[in-house]
Amino acid sequence: MMGLIFAKLWSFFCNQEHKVIIVGLDNAGKTTILYQFLMNEVVHTSPTIGSNVEEIVVKNTHFLMWDIGGQESLRSSWNTYYSNTEFIILVVDSIDRERLAITKEELYRMLAHEDLRKAAVLIFANKQDMKGCMTAAEISKYLTLSSIKDHPWHIQSCCALTGEGLCQGLEWMTSRIGVR
Ligand code: G3D
Ligand code: MG
């Protein structure tokens, strides 16, 4: 049932041309979230186009996903994938308190980028099944999301292992499309 709704939402979303990039530190759960999308069989992957970049093409929609946990030297080329991005999905490991500062740094670096000025940001507070994890509210406060006025943003708690919360995240994204 859950899977069906998810597949419907996902295919609705994918039938339109909207570029989405999925970012987050390594181990945040990006690949697992992507796997949930792949299970709905409306997507296929193209070969890896870079050591830390994966491209997924669904009809005319391009999904570029990369880990921002790489070395500083690799990060400089990431912005070549920013142009025309409508949505940024930022995946946060809610148990990883130590590296939340790095995530914050990367978030604000992205938001300041010219090519991402029109992008809306969906933050997934992932791994909510883990004991002692930060809540979405705590992460929101730490990342000072309420200070972001020039980009639409939304934070959604989720568990990529079960798929819980992923639908709600996509729903927010589709609701944004109506606004534009
Ligand atoms: P990445 O692609 O962002 O680097 P992955 O991250 O998707 O590879 O996930 C990293 C690890 O976190 C994986 O564990 C994965 O199973 C786990 N993980 C992802 N999402 C969740 C979640 O919601 N809850 C829990 N408990 N674990 C999650 P392994 O052990 O395979 O490395
Ligand atoms: Mg990965």
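Remember, it's 1-based here, ligands and their atoms both numbered in the order they're listed.
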Q) Which of the atoms of ligand 1 are close to D26, meaning less than 4.0 Å from one of its heavy atoms? A) 4 (O)

Q) If you look at every heavy atom in S94 and A125, which pair is closest and at what distance? A) OG-C, 3.2 Å

Q) Under 4.0 Å from any heavy atom of D129, which atoms of ligand 1 are there? A) 22 (C), 23 (O), 24 (N), 25 (C), 26 (N)

Q) With a 4.5 Å limit on heavy-atom distance, are the side chains of D150 and R117 in contact? A) no

Q: With atom 13 (C) of ligand 1 as the reference point, say which of N126, I22, N27 has the nearest heavy atom.
A: N27

Q | Charged N-O contact under 4.0 Å between D26 and R99 | A | yes

Q) Going by an N to O cut-off under 4.0 Å, is there a salt bridge joining K141 and E138? A) no

Q: Output the list of atoms in ligand 1 that are nearer than 4.0 Å to some heavy atom of T32, sorted by atom number.
A: 5 (P), 7 (O), 9 (O), 15 (C), 19 (C)

Q: Please could you name the atoms of ligand 1 that K30 approaches to less than 4.0 Å, counting only its heavy atoms?
A: 1 (P), 2 (O), 3 (O), 4 (O), 6 (O), 7 (O)

Q. Do any heavy atoms of G24 fall under 4.0 Å from ligand 1?
A. no

Q) Strictly under 4.0 Å, does any heavy atom of L25 approach an atom of ligand 1? A) yes

Q) Do any nitrogen or oxygen atoms of A160 lie less than 3.5 angstrom from nitrogen or oxygen atoms of ligand 1? A) yes

**Q.** Close side-chain approach of K118 to N84, heavy-atom, < 4.5 Å
**A.** no

**Q.** Inter-residue atom distance K19.NZ - T85.OG1, 0.5 Å rounding
**A.** 4.0 Å

Q: For ligand 1, note which part of M130 has a heavy atom under 4.0 Å away: side chain, backbone, both or neither.
A: side chain

(Q) Need the ligand 1 atom indices (1-based, order shown) with element for anything under 4.0 Å from a heavy-atom of C159. (A) 23 (O)

Q. Among L122, I22, T103, I155, which residue meets the side-chain contact (heavy atoms from CB on, under 4.5 Å) test with L90?
A. T103

